[in-house]
Amino acid sequence: MDDFGSGYSSLNVLKDYHFDVIKIDMVFLRKFDDRSKTIVRNICRMAKELGIRTVCEGVETQEQFDFLKEAGCNLAQGSLFSPPVPLDELYKKMAPYL
């Protein structure tokens with residue numbers, strides 16, 4: 001499920017359908033305060049208990065990444081790791097690993 005925590009991705013959807021992965025919306029990292037941290041930490045815990053892997057989008061700082069690791073988030077994506085790149089450039093970068 002993409003953008004969990006915003007729009008149509010509510011707890012009801014999570015209850016009614018089975019997902020392998022939920023992607024936590026970047027809005028939780030934009031205002032990176034104690035309230036957001038509590039929400040993300042509990043999303044990760046809940047997902048783990050349901051057997052769902054988590055990925056958080058919008059990771060821009062090492063502090064955010066360190067928090068996500070501590071919170072139990074499985075994967076992270078964002079400009080901390082790489083700026084957005086065109087698809088053909090991504091293929092070139094990934095070619096040695098495929």
Side-chain angles (χ1 to χ4, degrees):
M1 176 190 319
D2 195 17
D3 295 332
F4 184 76
S6 68
Y8 294 102
S9 59
S10 71
L11 292 173
N12 280 329
V13 173
L14 193 59
K15 176 183 66 68
D16 293 338
Y17 299 96
H18 295 277
F19 295 95
D20 296 324
V21 178
I22 57 173
K23 186 187 286 186
I24 301 167
D25 192 274
M26 70 174 64
V27 71
F28 294 107
L29 296 184
R30 253 187 232 133
K31 186 175 180 186
F32 193 56
D33 59 10
D34 288 339
R35 192 172 183 91
S36 290
K37 289 177 182 180
T38 298
I39 293 168
V40 170
R41 189 179 295 110
N42 283 287
I43 289 171
C44 292
R45 190 180 81 217
M46 176 186 62
K48 183 177 181 178
E49 290 181 16
L50 292 171
I52 301 171
R53 294 177 49 86
T54 51
V55 58
C56 191
E57 62 184 15
V59 180
E60 297 179 352
T61 68
Q62 187 66 44
E63 177 188 11
Q64 291 170 336
F65 182 56
D66 291 342
F67 164 75
L68 290 169
K69 288 191 296 185
E70 176 268 321
C73 188
N74 300 109
L75 301 166
Q77 70 180 61
S79 62
L80 177 65
F81 310 106
S82 173
V85 295
L87 186 58
D88 60 330
E89 187 177 327
L90 177 65
Y91 284 141
K92 288 177 190 173
K93 287 183 179 208
M94 295 298 297
Y97 306 103
L98 299 177

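Note: hydrogens, waters and symmetry copies are ignored here, and every other heavy atom, side chains too, is used.
- Following chains of ILVMFWY side-chain contacts shorter than 4.5 Å, one can reach M46 starting from Y17, so the two form part of one hydrophobic cluster.
- L29 and L75 fall into different hydrophobic clusters, where Ile, Leu, Val, Met, Phe, Trp and Tyr are joined by side-chain heavy atoms under 4.5 Å apart, directly or via other members.
- Residues satisfying the ring-ring contact (aromatic ring centres under 6.0 Å, His included) test with F65, not counting sequence neighbours, are F81.
- In this view, T61 and E63, Q64 satisfy the side chain to side chain contact (heavy atoms under 4.5 Å, CB included) rule, not counting sequence neighbours.
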Contacts table for residues 86-98: side-chain donor-acceptor under 3.5 angstrom, sequence neighbours left out:
none

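- By the side chain to side chain contact (heavy atoms under 4.5 Å, CB included) test, S36 pairs with D33, sequence neighbours left out.
- Here the CG-NZ distance, from N42 to K37, works out to 14.0 Å after rounding to the nearest 0.5 Å.
- Put simply, the side chain of E57 gets close to the backbone of M26: a donor and an acceptor are under 3.5 Å apart.
- Hydrophobic clustering of Ile, Leu, Val, Met, Phe, Trp and Tyr side chains at less than 4.5 Å, counting indirect connections, unites L14 with I39.
- Between C56 and C73, the shortest heavy-atom distance links the atoms N-SG, 3.7 Å.
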Please table the atom pairs, donor to acceptor, closer than 3.5 Å between any side-chain atom in residues 47-55 and protein atoms at least two apart or in another chain.
unit_1: T54; atom_1: OG1; unit_2: N74; atom_2: N; d: 3.1
unit_1: T54; atom_1: OG1; unit_2: N74; atom_2: OD1; d: 3.3

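- If you chain together hydrophobic residues whose side chains sit under 4.5 Å apart, V27 and I22 fall into the same group.
- K69 is linked by a salt bridge (Lys or Arg N to Asp or Glu O under 4.0 Å) to D66, counting only residues two or more places apart in sequence or in another chain.
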